[in-house]
Engineer: 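Here's a structure for you.
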Amino acid sequence: MAKFPKPPEGSWTAHYPELGTEPVSYEDSISPEFFELEREAVFKRSWLNVGRVEQLPRNGSYFTKELAVAKTSVVVVRDMEGKIRAHHNICRHRGNKLVWQDFPREETQGNCRQFQCKYHGWKYELAGDLTFVQQEEEFFDFDKADYGLIPVRCDVWAGFVFVNLADEPSQSLHDFLGPMVTAMEGYPFDQMTERYFYRGTIGSNWKLFMDGFQEFYHAPVLHVRQLPATIGPPSMAMGFEGLHYEINGPHRLVTTYGGQGWRMPDELLKPMEIASRSGLFGPWDQPDIDLNHFPDGVNPANVAPWGLDAFNVFPNFVILIWERGWYLTYHYWPTAANTHVFEGTLYFVPPKSARERVAHEMAAVTFKEYALQDSNTLEATQSMLESRVVSAFPLNDQEILCRHLHKVVGEWVAAYEREQLEEASK
Amino acid sequence: MSIALLPAQFSDLEPFASTWCLASEGERYQQRLASTMQQMQGFYDAMMPRMDEAITYCDTFAYDDLPDDVARLLHLVYSLVMVSFPIEAWKQPNIPDSGAAYLDLLVEPGP
Ligand code: FES
Ligand SMILES: [Fe+2]
């Protein structure tokens with residue numbers, strides 16, 4: 001019996017009838033051919049979050065982002081007018097990577113007044129114009145105006161910096177994000193500037209890790225040993241139910257209960273949770289900012305007790321807002337059909353005391369303990385999906401968001417293939 | 001005894017200082033994996049009852065300007081947080097079934 005109310009249709013999945021209820025194929029997570037299509041159909045056409053405005057604090061601040069899935073690297077910069085821009089990170093002379101440090105394939109960041117290529121010294125202003133060519137008179141029919149950096153569409157929403165690799169994105173960033181995501185605007189992301197940035201390489205398709213974090217059906221089972229013996233088995237017996245699921249275009253949301261450690265008796269907590277007043281759901285004590293006036297998009301169904309919202313922004317970006325007043329993001333950057341780079345970033349209001357900092361440390365360490373359990377399980381899943389012994393898998397109502405992700409990716413790939421066919425027949 | 005790493009009030013924790021006063025999460029995680037449960041239990045048992053006192057002591061200084069010995073004391077608290085998982089949850093140094101999986105903390109706040 002469900003303990004929390006479901007939509008009138010009887011299930012969250014039936015509330016979105018286009019999702020169907022039949023078993024789902026995971027061929028899209030093991031096929032190298034499908035992955036090649038995803039590069040073009042999904043990642044070269046979507047708005048991709050590459051960071052936050054706080055990473056570009058001053059005019060001249062820049063960072064590079066490796067986008068292996070699109071076989072490119074972009075440099076994101078705040079130019080001398082203060083405008084945030086992105087360029088493909090390639091020198092127009094003979095194609096050297098323009099901005100890098102020591103290791104050509106690693107990301108870098110810094111502050112500069114102009115970009116200078118390490119190879120033959122061409123210089124570009126931050127807005128992209130080519131301004132200096134070594135021995136310019138040696139070139140033929142040459143006009144510097146023809147050799148500016150190749151721009152990448154770049155826009156900012158709520159302090160999140162996005163790029164789009166399409167020449168002409170079919171939607172503006174705001175339209176792409178749509179009403180469910182943009183209704184979060186006004187949340188004090190800009191005050192949560194203390195950052196813990198984790199990265200690891202994961203031996204699975206990117207969608208498998210998205211699935212692992214967009215259903216919590218697994219949580220009371222896979223993570224049972226993280227809980228004290230007093231509540232591990234009962235919470236496994238109780239299982240997990242989301243309080244609210246919502247789908248809007250390609251994006252999706254789950255709201256859950258949880259946390260509330262400060263209300264629990266000691267025997268249900270680990271000693272370090274009590275000592276640090278912190279845990280998986282973050283510090284028990286809220287930061288000293290206004291957390292009483294959230295935008296409507298946060299906890300949109302007004303559930304109580306509210307624990308967190310996980311906004312899955314298509315294709316590979318998650319914003320997770322916790323009730324205690326902090327947030328984290330996930331990014332899943334595909335590198336092959338069966339590998340990806342995972343990034344998890346925790347953001348807190350900067351601490352004013354060692355006590356607050358220790359509570360943040362506990363939240364960050366707890367996050368890693370959970371995430372490593374999740375991520376290694378994925379490799380076990382990937383390896384057996386690749387056996388193709390089973391071709392379709394039943395997804396329950398708590399796994400509705402997994403169903404939606406695979407459906408949307410399939411639709412984007414199908415739309416791309418149709419366009420390619422139309423192009424070819426012209 | 002060699003030169004003290006910690007404030008005098010915490011001199012009883014000196015035996016753990018050279019191992020566990022580590023400024024980065026990466027070092028603390030590696031030290032955890034390189035330690036036996038017995039070593040971590042010894043550190044946990046000595047440090048856990050002093051944790052609140054240690055934090056309170058750190059907070060008698062300006063948080064953004066901690067003297068070196070006080071910062072080391074705070075790092076010792078971070079290490080206690082790190083070993084609490086093997087001690088309180090896993091009963092082993094590494095996360096069960098985590099195999100070769102890794103997550104590197106590339107940006108972390110001071111101090
Ligand atoms: S490749 Fe950049 S200056 Fe030659
Ligand atoms: Fe999990």
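Residue numbering restarts at 1 for every chain, and letters A, B, ... go by the order of the sequence lines. We use all heavy atoms of the structure for the numbers below, so side chains are in, but hydrogens, waters and symmetry mates are not.
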Engineer: Using salt bridge (Lys or Arg N to Asp or Glu O under 4.0 Å), reason through K270(A) and E273(A) one step at a time and then give a plain yes or no.
Structural biologist: CA-CA 5 Å; K270(A) 288 184 290 186; E273(A) 291 177 299; 5.2 Å; no

Engineer: Does one side chain, of W333(A) or E343(A), offer a donor that lies under 3.5 Å from an acceptor on the other?
Structural biologist: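 Distance-only check passes for W333(A) and E343(A).
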
Engineer: Go through the atoms of L74(B) and report whether side chain, backbone, both or neither lie under 4.5 Å from a heavy atom of chain A.
Structural biologist: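 For L74(B), the side chain is the part near chain A, not the backbone.
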
Engineer: Would you mind telling me which of A100(B), P109(B), A62(B) has the largest number of heavy-atom pairs within less than 4.5 Å of chain A?
Structural biologist: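 Most pairs with chain A among the choices: P109(B).
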
Engineer: Just give me the residue among L105(B), I95(B), D52(B) that pairs up with chain A most often, heavy atom to heavy atom, under 4.5 Å.
Structural biologist: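 Counting heavy-atom pairs under 4.5 Å, the top option is L105(B).
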
Engineer: Go through it in stages, so that I can follow the logic: the residues are Q39(B) and T19(B), the test is side chain to side chain contact (heavy atoms under 4.5 Å, CB included), and I'd like the CA-CA distance, side-chain angles, deciding distance and then a yes or no.
Structural biologist: CA-CA 10 Å; Q39(B) 287 166 333; T19(B) 310; over 6 Å; no

Engineer: I need the residue from E356(A), R225(A), H360(A) with the largest number of non-hydrogen atom pairs under 4.5 Å to chain B.
Structural biologist: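 Top option by heavy-atom pairs under 4.5 Å: R225(A).
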
Engineer: Please flag which part of T366(A) lies under 4.5 Å from any non-hydrogen atom of chain B: side chain, backbone, both or neither.
Structural biologist: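 Its backbone and side chain both get close to chain B.
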
Engineer: Does any heavy atom of chain A fall under 4.5 Å from the side chain of L80(B), the backbone, both, or neither of them?
Structural biologist: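 Both backbone and side chain.
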
Engineer: Counting only heavy atoms closer than 4.5 Å, note whether P351(A) contacts chain B via side chain, backbone, both or neither.
Structural biologist: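 It is both, since atoms from each part get that close.
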
Engineer: Hey, could you give me the OG/CH2 distance between S84(B) and W90(B), rounded to the nearest 0.5 Å?
Structural biologist: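 The OG atom of S84(B) sits 11.0 Å away from the CH2 atom of W90(B).
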
Engineer: Would you please say whether a donor-acceptor pair under 3.5 Å links the side chains of E107(A) and T64(A)?
Structural biologist: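 Their side chains do not contain a donor-acceptor pair, so the 3.5 Å distance test is not met.
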
Engineer: Please state whether the side chain, the backbone, both or neither of T201(A) comes within less than 4.5 Å of a heavy atom of chain B.
Structural biologist: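 Looking at T201(A), backbone and side chain both touch chain B.
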
Engineer: Measuring heavy-atom distances to chain A, does F61(B) have an atom under 4.5 Å in its side chain, in its backbone, in both, or in neither?
Structural biologist: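 Nothing of F61(B), per the 4.5 Å heavy-atom cut-off to chain A.
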
Engineer: In terms of the angle between their ring planes, are H223(A) and H218(A) parallel, tilted or perpendicular, with boundaries placed at 30° and 60°?
Structural biologist: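 H223(A) vs H218(A) ring planes: perpendicular.
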
Engineer: Based on non-hydrogen pairs under 4.5 Å, which of K91(B), E88(B), E108(B) is most in contact with chain A?
Structural biologist: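 The option with the most such pairs is E88(B).
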
Engineer: May I ask you to check whether Y327(A) and F189(A) place their ring centres under 6.0 Å from each other?
Structural biologist: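 Judged by ring-centre distance (under 6.0 Å), F189(A) and Y327(A) do meet the cut-off.
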
Engineer: Less than 4.5 Å to any heavy atom of chain B: does that hold for the side chain of E194(A), its backbone, both, or neither?
Structural biologist: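 Just its side chain gets close to chain B.
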
Engineer: I need the residue from E361(A), R357(A), E379(A), Q373(A) with the largest number of non-hydrogen atom pairs under 4.5 Å to chain B.
Structural biologist: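 It is R357(A).
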
Engineer: Evaluate the ring planes of F348(A) and W326(A), with Trp represented by its six-membered ring, and classify them as parallel (under 30°), tilted (30 to 60°) or perpendicular (over 60°).
Structural biologist: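 Ring orientation, 0 to 90° scale: parallel.
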
Engineer: I'd like to verify something: which residue of P96(B), A54(B), S98(B) has the highest number of heavy-atom pairs under 4.5 Å with chain A?
Structural biologist: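 The residue among P96(B), A54(B), S98(B) with the greatest pair count is S98(B).
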
Engineer: Counting heavy-atom pairs under 4.5 Å with chain B, which one of K352(A), R195(A), E369(A) comes out on top?
Structural biologist: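 With the most close heavy-atom pairs to chain B, the winner is E369(A).
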
Engineer: Between R355(A) and D285(A), is the closest basic N to carboxylate O distance under 4.0 Å?
Structural biologist: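 No, no charged N to carboxylate O under 4.0 Å.
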
Engineer: Report which part of S353(A) has an atom under 4.5 Å of a heavy atom belonging to chain B: side chain, backbone, both, or neither.
Structural biologist: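 Both parts, backbone and side chain.
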
Engineer: Can you confirm whether or not the ring centre of Y330(A) sits under 6.0 Å from the ring centre of F209(A)?
Structural biologist: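 Ring centres of F209(A) and Y330(A) not closer than 6.0 Å.
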
Engineer: What option among A229(A), S276(A), P271(A), S278(A) has the most heavy-atom pairs under 4.5 Å with chain B?
Structural biologist: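 The candidate making the most pairs under 4.5 Å is P271(A).
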
Engineer: Can R199(A) be said to sit on top of F342(A)'s aromatic six-ring, NZ or CZ under 6.0 Å from centre and within 45° of the ring axis?
Structural biologist: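 Not satisfied by the 6.0 Å and 45° rule.
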
Engineer: Using a 4.5 angstrom heavy-atom cutoff, name the option from K368(A), Q226(A), M362(A) with the most pairs to chain B.
Structural biologist: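 Highest number of pairs under 4.5 Å: K368(A).
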
